[in-house]
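Numbering of residues begins at 1 and proceeds along the displayed sequence.
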Amino acid sequence: MKKVLQELINGNVSVEEAEKMLKTMQIAELEDFAKLDTARDIRTGFPEAIFAEGKNDQELVKIIRNCANRGRVLVTRLKEDRYINIKEKLESLRDEGFKVEYNTKARVLLIKDQEIERQGKIGIITAGTSDIPVAEEARIVAEEAGCEVITAYDVGVAGIHRLFSQIRRILEEEVKAIIVVAGMEGALPSVVAGLVDIPVIGVPTSVGYGVGTGGFTALNAMLQSCAPGIAVVNIDNGFGAAVFAVTVVKQTEKD
């Protein structure tokens, strides 16, 4: 972008030509299966992540390598067996100076060429151990977006006494937002929101059985919460919760 603008200043290209060049730069087309939004991080402050589901291994590898040309890559919902299938094809990235890290629990692949300085803090709490995979997805995304994350797992309402010391610890860290991940009846975000004076992001998970199957009971409970100050994302959407929390933190840091 700087190069195009410099060319415009030097009079080497017209305004119309510069506009066309900038528009072209915003999309990278990969054959007939992907159009990558290369300017998303400039517009939104967060680069495009790769959602692994629905893509075959060959397509996924091509997308990953193209994104790596511009820096770090985040791949979500990548099952371990699929990572094993493509792992060898990504080994050359290590030779190019990239770190390749896969988190089995979160099902997230991270490829990066440098560490990010972290500013601002986010808390992440889970109701149960079964909710941790979604929380881990949120943690990795938030950290790679430049935030420090303080976690407290398995502190749900079935043993509410476990929660209070963890809430105190998290608040002492001066976090700017708390992500609360819960399945079953989804009560924990309401409890947390009634105890803190910062934004709470509720993440319903598909953990449950009977009427709780699929996470809809937890989703409805969070949407119907009588505690103010809760934002709710979609079922199992740790990624979306992290991006929203990071946005809150960055706005707070600006102020």
State whether [X] and [Y] are salt-bridged, where the test is any N-O pair (Lys NZ or Arg NE/NH1/NH2 against Asp/Glu carboxylate O) under 4.0 Å.
| X | Y | value |
| --- | --- | --- |
| R107 | E136 | no |
| R139 | E143 | yes |
| R94 | E91 | yes |
| K112 | E144 | yes |

Identify the two heavy atoms, one from [X] and one from [Y], that lie closest to each other, and give their separation to 0.1 Å.
| X | Y | value |
| --- | --- | --- |
| Y102 | T104 | CE2-CA, 3.6 Å |
| A242 | A138 | CB-O, 3.3 Å |
| I201 | A241 | CG2-CB, 3.8 Å |
| P204 | N234 | CD-O, 3.9 Å |
| A142 | I122 | CB-CD1, 4.1 Å |
| G120 | V249 | CA-CG1, 3.7 Å |

**Request:** Show your working on side chain to side chain contact (heavy atoms under 4.5 Å, CB included) between I167 and I125 and close with a plain yes or no.
**Result:** CA-CA 9 Å; I167 285 285; I125 297 173; 3.7 Å; yes

Taking [X] for its side chain and [Y] for its backbone only, find out whether a donor-acceptor pair lies under 3.5 Å.
| X | Y | value |
| --- | --- | --- |
| N220 | F216 | yes |
| K55 | F51 | yes |
| R162 | G159 | yes |
| T126 | D154 | yes |
| S225 | M222 | no |

**Message:** side chain to side chain contact (heavy atoms under 4.5 Å, CB included) for L195 and F164? Distances and angles first, verdict last.
**Reply:** CA-CA 9 Å; L195 296 172; F164 303 119; 4.0 Å; yes

**Message:** Between T205 and D236, does the side-chain hydrogen bond (donor to acceptor under 3.5 Å, both in side chains) criterion hold? Intermediate values first, please.
**Reply:** CA-CA 5 Å; T205 71; D236 292 336; 4.6 Å; no

**Prompt:** Can R118 and E148 be said to form a salt bridge (Lys or Arg N to Asp or Glu O under 4.0 Å), step by step?
**Reply:** CA-CA 6 Å; R118 292 172 184 167; E148 183 178 345; over 6 Å; no

**Asked** Picking from I140, N103, L78, what satisfies side chain to side chain contact (heavy atoms under 4.5 Å, CB included) with L109?
**Response**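 So the option named by the test is L78.
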
**Request:** Using the side chain to side chain contact (heavy atoms under 4.5 Å, CB included) rule, take I50 and I64 through it: C-alpha gap first, then chi angles, then the decisive distance, then the call.
**Result:** CA-CA 8 Å; I50 302 169; I64 290 171; 3.9 Å; yes

**Asked** What do the steps show when you test E137 against R77 for salt bridge (Lys or Arg N to Asp or Glu O under 4.0 Å), and what is the final call?
**Response** CA-CA 9 Å; E137 179 182 83; R77 300 299 171 89; 3.2 Å; yes

**Request:** Take V248 and I198 through the side chain to side chain contact (heavy atoms under 4.5 Å, CB included) test and state the conclusion after the steps.
**Result:** CA-CA 10 Å; V248 170; I198 55 178; over 6 Å; no

**Prompt:** Considering only heavy atoms from C-beta outward, does the side chain of K87 approach that of V100 to under 4.5 Å?
**Reply:**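 SC-SC contact between K87 and V100 ruled out.
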
